[in-house]
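Okay, structure first, notes after.
We count residues from 1, following the sequence as given.
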Amino acid sequence: MSRRHLLLLLLAFAVSVVVRWPLLNRPLSGHHELCTALVLIALHSWHHDGFLAHHGAPAITFTGPADLIPPGYTDAPALHDGVLYYLSHPPLAFDLPHALFAITGTEPNALGLQLFNLFFHLLTAIGLYLVVRELQRDGPAPLFAALLYLFMPAPLWFHGNAYMSDMFAQNAWVWHVLVALRALTRTDGVPWRMAVLCALTLFLTTLISWPGVWAGVALGMIAIVQWHQQRDATRLRLLASAFAGVGLALAFTAWRWLQVVDVDALLAYFSGRYAERGTGSEHGGMLRTLLLNYRISWLPLLLPLVSLLRKRHSVISQRNALWLFVVLTALPVILEMAFLLEYTGHDFTALKAGLLLCGLGGLGLSAMRAGWSWAALAVTCISGVLYFYRTNPPSSPTDERFAWQMEQGLAIAREARPDEMVFTLGFTPEPQVRWYAKRTLFRVDDTRHARELLRASGNPKGIFFRQAAAGLSHERITAD
């Protein structure tokens with residue numbers, strides 16, 4: 001990367017931070033900020049109880065004397081010693097921010113996690129620049145692709161306010177695509193050094209979240225095709241890389257989670273999650289949802305993608321590399337839709353298409369005349385920012401549209417005493433409320449159920465909250 005391009009990227013990244021600044025550190029509210037809250041609860045538990053106290057598993061309930069889940073409240077398979085754990089993703093996206101907060105001696109907080117997320121947005125944009133440079137060595141497409149990735153609606157939000165493993169996987173996956181693309185385009189065989197790098201980047205991607213599995217399938221399939229076509233046995237080293245990278249990450253994840261649950265419980269957990277998130281028989285509504293998600297995330301890219309379709313023959317110097325890039329970035333997205341269709345109803349899953357769409361968009365812009373290409377880039381990026389604000393309007397920290405969950409949680413924290421179990425009567429608060437309350441909140445439908453849970457837990461006292469038009473009301477109860 002030239003010094004000029006690096007400076008332009010750093011400047012653009014600074015502008016993207018300014019774009020998001022009004023949204024950072026506001027009360028956690030909607031648009032998947034529940035994911036941020038869930039991660040913060042786990043980091044809080046590790047910070048206060050100790051990482052080893054939870055065996056490195058993300059706890060999503062609290063461990064105070066009145067916060068442990070009593071027998072009979074839930075039969076969730078991820079329950080261990082009265083604490084509920086979140087095992088849906090591998091652990092690295094929890095481990096890294098925990099290490100940051102531990103090294104800095106800082107209490108886990110939303111702004112710290114968001115700034116951590118922002119930093120990796122820059123690294124991913126740089127990674128995409130290097131990937132697209134494998135397709136066009138001398139043109140402006142690499143810079144255009146990276147700039148597009150900085151200013152499209154999905155990256156602006158999911159590399160900022162919203163944080164979760166599935167979104168964070170993008171940061172490792174882009175480097176895997178770069179290493180795999182370089183290995184697959186070699187004409188003199190694949191050295192073991194490249195194979196090991198492919199395995200390492202695939203291991204890290206999978207250790208963050210499941211997109212690494214689909215990336216491993218893509219790499220393995222391409223390696224087999226190339227071996228069959230070229231009769232080059234060194235291509236099979238990449239197949240070994242796919243098995244090793246994915247297999248070791250899954251084995252490590254299983255080992256971590258088996259410290260808090262047994263094999264049967266872990267299998268029950270994932271079978272339950274797949275039943276909820278997998279591909280069922282009803283697909284009609286999901287197609288509309290996917291189209292909506294991609295429109296919200298990437299609509300401003302329409303102009304550069306149309307330009308690519310019109311002038312595709314004039315912009316690509318490495319045509320074989322282009323097809324490899326498309327397969328490496330598109331096939332994992334397609335496989336996720338095929339096997340986890342219900343899960344892809346979440347709009348954050350559309351973030352994964354960003355490497356493909358912004359990469360192709362950068363190529364499309366480079367097909368225009370120099371003056372027009374920069375003008376089109378500016379229009380596209382400004383449109384991305386405006387569309388981002390349409391979905392995520394800037395607000396003050398006291399804006400009641402976004403502050404009510406914080407206020408509800410803080411109200412619970414003020415009223416509930418440490419030795420009182422906290423019940424919510426007829427409503428289930430989101431993780432944002434639990435984060436601000438710093439309490440395990442037990443939903444009940446009547447006071448009889450609350451007293452049963454008090455007796456089951458051995459706690460004599462509790463407090464339950466009702467929702468009302470004027471806010472929360474509360475009443476203290478005893479087990480008798």
**Request:** Can you spot which of W257, Y85, F62, F94 makes a ring-ring contact (aromatic ring centres under 6.0 Å, His included) with H54?
**Result:**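 By the ring-ring contact (aromatic ring centres under 6.0 Å, His included) criterion, H54 pairs with just one of W257, Y85, F62, F94: Y85.
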
**Message:** Using the ring-ring contact (aromatic ring centres under 6.0 Å, His included) definition, which of the options F168, F120, F13, Y149 pairs with H159?
**Reply:**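 Of all the options given, the one that passes is Y149.
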
Calculate, to the nearest 0.5 Å, the distance between atoms [atom1] and [atom2] belonging to [X] and [Y] respectively.
X	Y	atom1	atom2	value
L96	L113	CG	CG	11.0 Å
L308	L303	CG	CG	11.5 Å
W435	L38	CH2	CG	11.5 Å
R414	I412	CZ	CD1	10.0 Å
L363	L322	CG	CG	6.5 Å
L9	R4	CG	CZ	11.0 Å

Within the distance-only criterion (no hydrogens, no angle test), does the side chain of [X] pair as donor or acceptor with the backbone N or O of [Y] below 3.5 angstrom?
X	Y	answer
T205	A169	no
Q259	A57	no
T201	L197	yes
S16	F151	no
E415	A411	no
Y343	T349	no
W173	L355	no
E33	Q432	no
R256	P91	no
N117	G160	yes

Measuring only between side-chain heavy atoms, which start at C-beta, is [X] closer than 4.5 Å to [Y]?
X	Y	result
L178	V174	no
C381	L148	yes
Q408	T424	no
L147	L377	yes
P97	P108	no
K352	P332	no
W175	L130	yes
V17	W21	yes

**Request:** Scan residues 368-394 for pairs that pass ring-ring contact (aromatic ring centres under 6.0 Å, His included), counting only residues two or more places apart or in two chains.
**Result:**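 Listed once each, the pairs are F144-W374.
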
When you check the side-chain N and O atoms of [X] and [Y], is any donor under 3.5 Å from an acceptor?
X	Y	result
H346	R277	yes
D166	H89	no
S366	Q136	yes
R20	H121	yes

**Message:** Any salt bridge linking K438 with D67? Criterion: basic side-chain nitrogen under 4.0 Å from a carboxylate oxygen.
**Reply:**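 Looking at K438 and D67, the cut-off is not met.
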
**Message:** Tell me whether the rings of H98 and W46 are parallel (<30°), tilted (30 to 60°) or perpendicular (>60°).
**Reply:**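 It falls in the perpendicular class, over 60°.
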
**Whether H32 and F158 hold their rings parallel, tilted or perpendicular, with breakpoints at 30° and 60°** =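 It falls in the tilted class, 30° to 60°.
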
**Message:** Would L40 and Y163 count as a side-chain contact (heavy atoms from CB on, under 4.5 Å) here? Give the steps.
**Reply:** CA-CA 10 Å; L40 284 170; Y163 181 92; over 6 Å; no

**Request:** Go through the steps to decide whether S165 and W210 satisfy the test side-chain contact (heavy atoms from CB on, under 4.5 Å), and finish with yes or no.
**Result:** CA-CA 9 Å; S165 303; W210 309 116; over 6 Å; no

**Message:** Please check if the number of heavy atoms outside F339 that lie under 6.0 Å from its CZ is greater than 12.
**Reply:**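 Counting other residues, nucleotides and ligands, CZ of F339 stays at 12 neighbours or fewer.
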
**Asked** Does atom CZ of F243 have more than 12 heavy-atom neighbours from other groups under 6.0 Å away?
**Response**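 Not more than 12 within 6.0 Å, no.
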
**Item:** Partner of H31 under side-chain hydrogen bond (donor to acceptor under 3.5 Å, both in side chains), chosen from N392, T391, N161
**Value:**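 Among N392, T391, N161, the one meeting side-chain hydrogen bond (donor to acceptor under 3.5 Å, both in side chains) with H31 is N392.
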
Taking all heavy atoms of [X] and all of [Y], pick out the closest pair and write down the distance.
X	Y	result
G220	L239	CA-CD1, 3.8 Å
T206	V213	OG1-N, 3.9 Å
A223	R235	CB-O, 3.4 Å
A321	L181	O-CD1, 3.6 Å
A110	L28	CB-CD2, 4.2 Å
T61	S45	O-OG, 3.8 Å

**L87 and T253: CA distance, side-chain angles, deciding distance, side-chain contact (heavy atoms from CB on, under 4.5 Å) verdict** = CA-CA 9 Å; L87 310 179; T253 299; over 6 Å; no

**Asked** Do L472 and F427 pass the side-chain contact (heavy atoms from CB on, under 4.5 Å) test, and can you show the C-alpha distance, the side-chain angles, and the key distance before you say yes or no?
**Response** CA-CA 11 Å; L472 290 179; F427 69 101; 3.9 Å; yes

**Prompt:** Looking at H5 versus Y129, is the centre-to-centre ring distance below 6.0 Å?
**Reply:**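 Yes, they do, as the ring centres are separated by less than 6.0 Å.
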
**Request:** Return the set of residues passing side chain to side chain donor-acceptor pair (under 3.5 Å) with Y269 (not counting sequence neighbours), or none when no residue passes.
**Result:**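 Y269 satisfies side chain to side chain donor-acceptor pair (under 3.5 Å) with S88 only.
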
